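Remember, predicted model here, so these are calculated numbers, not experimental data. Quick note on labels: first sequence line is chain A, next is B, and so on, each numbered from 1. Basis for what follows: all heavy atoms, side chains included, without hydrogens, waters or symmetry-related copies.
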Amino acid sequence: MTLVAASAVPSVKAARAWRARPGLMIAGALAFCAIVYLLPMLSLFGWAFQGPSGTGASLAQLSRLIGDDTYHYAFFTTFKIAAITTLICALIGYPYAYLMATTGPRLAMLLTAAVMIPFWTSVLARSLAWMILLGRKGIVNEWLTGWGLLERPAALLFNSIGVQIGMVHVLLPFMVLPIWSILSRLDPGLPRAARSLGASPAAAFIHVTLPLSLPGLAAGATLVFMFAIGFYITPALLGGPDDLTIASLIEMVVRDLLDWPFGAMLSLALLGLVALVFACGAAFAGAGRIAGMEGR
Amino acid sequence: MSLSSASPQPRINAGRSALWLLAGLTMLFLLAPIAVIIVVSFNDTTLFSFPPTRWSLRWYQALWESRAWREAGWFSLWLASLVALASLLIGVPAAYGLAKGRFPGRRLAEALLISPMVVPVIVLALGLYMLFSKLGLIGTPTSLFLAHTLLALPVVIVIVGAAFRRLDGSIELAARSCGASFPRAFWHIVLPAIRPALISAGAFAFLTSFDEVVLTLFLGGPRTTTLPKKIWESVKFELDPSLTAVSTILIIVSIAALLLVEVARRSRIQRLAKEVL
């Protein structure tokens with residue numbers, strides 16, 4: 001190996017050029033991101049702290065955000081939706097990921113496909129499907145009343161039930177995949193060792209498997225919570241007037257009220273919250289485990 | 001071992017069955033909406049009855065005959081293809097640089113390039129709206145191309161970067177020691193070695209653009225109607241059955257992309273197996 005490496009780099013100069021080149025190869029992507037990503041983020045700051053007549057700096061937007069209860073309500077709603085979504089995703093995602101990691105290859109493949117197909121299917125198409133399923137005359141209500149399980153159709157759409165169902169559907173893969181990733185790499189000898197030392201299956205799970213998989217659970221919970229607080233499409237389509245989230249509020253402020261400075265301030269607040277959630281998650285699970293997930 | 005595992009065996013099976021029941025219900029929950037919308041799209045009536053009482057392709061025909069939907073479809077296809085191409089062109093070298101390079105600020109650069117993935121899309125949309133309106137780009141295909149590429153780029157960097165990290169660096173060194181220049185070794189040795197990752201990165205970059213709504217709503221105009229944008233506008237107006245047909249098309253494109261990725265991955269595994277045996 002060292003021999004090959006030595007002959008591959010005939011001179012010190014060539015060695016340096018070879019090692020410098022990978023660094024140069026990120027230049028294109030960096031330039032692109034500087035213009036299409038950093039510049040827009042900076043203009044958000046510009047608008048949010050702009051002075052009253054477009055000059056100077058002011059904290060007027062920030063004090064508006066802090067002072068008004070209507071906006072606090074949107075933050076509260078968003079956090080409530082995100083927390084419930086994260087909890088439900090953890091409760092159904094963990095057992096699912098556990099089976100995915102511990103069953104045979106064929107069944108594991110089936111379980112994986114059932115996660116990956118919705119994961120890469122248009123969120124819009126899926127929200128539409130839920131609208132057809134959950135409406136007052138939707139398929140779920142027709143069947144439930146048809147079988148006599150319900151006397152009258154239940155309100156499942158345009159309220160927080162609809163939002164929760166849609167959110168869990170969109171975000172469940174983000175919980176399952178990191179947990180599966182850590183469980184599938186776990187040495188199966190460890191719980192087996194606990195069993196052979198007399199632990200019951202439940203005890204072996206609680207004292208060995210679960211603690212070792214907690215970083216995966218933390219990464220999943222961080223991803224789900226982080227995406228949930230910024231999500232726009234699902235609450236906008238499946239929610240009612242009471243389900244005003246921060247993302248919907250931003251859209252409303254900018255498009256209906258044309259109030260760019262306040263929209264920018266709300267966006268920065270949302271961005272700050274996402275960063276905070278990411279930082280908390282990274283402290284538990286490690287930033288790499290969270291960022292290693294591909295997703296939308 | 002056999003003694004200790006013999007007595008609690010029935011209990012594990014009961015636990016396993018409960019797990020499978022839960023997993024089965026979860027699979028139903030995950031796949032039912034997708035299955036239902038596909039089936040409903042073949043309905044003959046304007047009602048969303050399930051299962052359909054009479055089957056027909058009338059909603060697909062209605063789509064095909066509508067010039068607006070056809071144009072939206074072509075525009076989406078073009079846009080997503082260009083976005084996939086562009087994000088591969090700048091993302092693959094960047095992923096290589098991040099995986100193999102040793103330079104100051106590498107981790108910061110990596111964090112910067114991947115972070116658009118976790119920034120809420122609505123925040124990106126507003127920032128880009130402010131920038132693009134200054135540049136007069138709102139409502140142009142260019143604005144959507146740039147914005148979608150920003151979302152697709154991290155997808156490419158994550159997938160291809162993982163492949164570069166797994167790749168044995170000595171094959172590249174071997175090519176270089178045989179006299180291949182850096183670009184030559186990169187093009188003829190390194191890239192073919194990670195072909196499955198290139199295919200999946202391209203496919204997922206394509207899907208990222210093909211299914212994108214929020215940026216398109218903010219930055220687009222009448223000239224830049226994509227399929228998702230047209231679905232969004234129609235949903236807000238009324239639930240038209242042709243929407244189930246468009247949704248089915250979006251779903252089929254996604255499944256086709258996933259299958260392509262899977263086939264690319266498997267053919268590589270089979271080739272490797274052949275070489276080893």
Among [options], which residue has the highest count of heavy-atom pairs closer than 4.5 Å to chain B?
options                       : value
A/G135, A/G28, A/A125         : A/A125
A/S127, A/P95, A/G138, A/G198 : A/P95
A/I92, A/V115, A/I35, A/L270  : A/L270
A/L237, A/I246, A/L42         : A/L237
A/I229, A/L107, A/L266        : A/L107

If I measure from the heavy atoms of chain A, does [X] come under 4.5 Å with its side chain, its backbone, both, or neither?
X      : answer
B/F218 : both
B/L22  : side chain
B/I255 : side chain
B/S181 : neither
B/T149 : both
B/V36  : side chain

Pick from [options]: which one has the most heavy-atom pairs with chain A under 4.5 Å?
options                      : result
B/L146, B/V92, B/L250        : B/L146
B/V123, B/T26, B/L131, B/V40 : B/V123
B/A23, B/C178, B/P116, B/A32 : B/P116
B/Y129, B/F132, B/W20        : B/W20

Could you tell me which portion of [X] (side chain, backbone, both or neither) has an atom closer than 4.5 angstrom to a non-hydrogen atom of chain B?
X      : result
A/L172 : side chain
A/L44  : both
A/Y98  : side chain
A/I165 : both
A/I139 : side chain

Which heavy atom of [X] sits nearest a heavy atom of [Y], and at what distance?
X      : Y      : answer
A/G230 : B/I122 : O-CG2, 4.3 Å
B/L31  : A/P118 : CD2-CD, 4.1 Å
A/V274 : B/P120 : CG2-CG, 3.6 Å
B/L258 : A/M116 : CD1-O, 3.6 Å
B/L126 : A/A264 : CD2-N, 3.7 Å
B/L153 : A/C33  : CD2-SG, 4.2 Å

Checklist entry - Does the side chain of B/R16 pick up a donor-acceptor pair with the side chain of A/T103 at under 3.5 Å? => result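 Checked: B/R16/A/T103 side chains show no N/O donor-acceptor pair below 3.5 Å.
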Item to check | B/P228: which of A/V123, A/I233, A/L124 passes side chain to side chain contact (heavy atoms under 4.5 Å, CB included) | outcome: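 Result for side chain to side chain contact (heavy atoms under 4.5 Å, CB included) with B/P228: A/L124.
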Checklist entry - With under 30° as parallel and over 60° as perpendicular, where do the rings of A/W120 and B/F204 fit, or are they tilted in between? => result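 Answer is parallel, since the angle falls under 30°.
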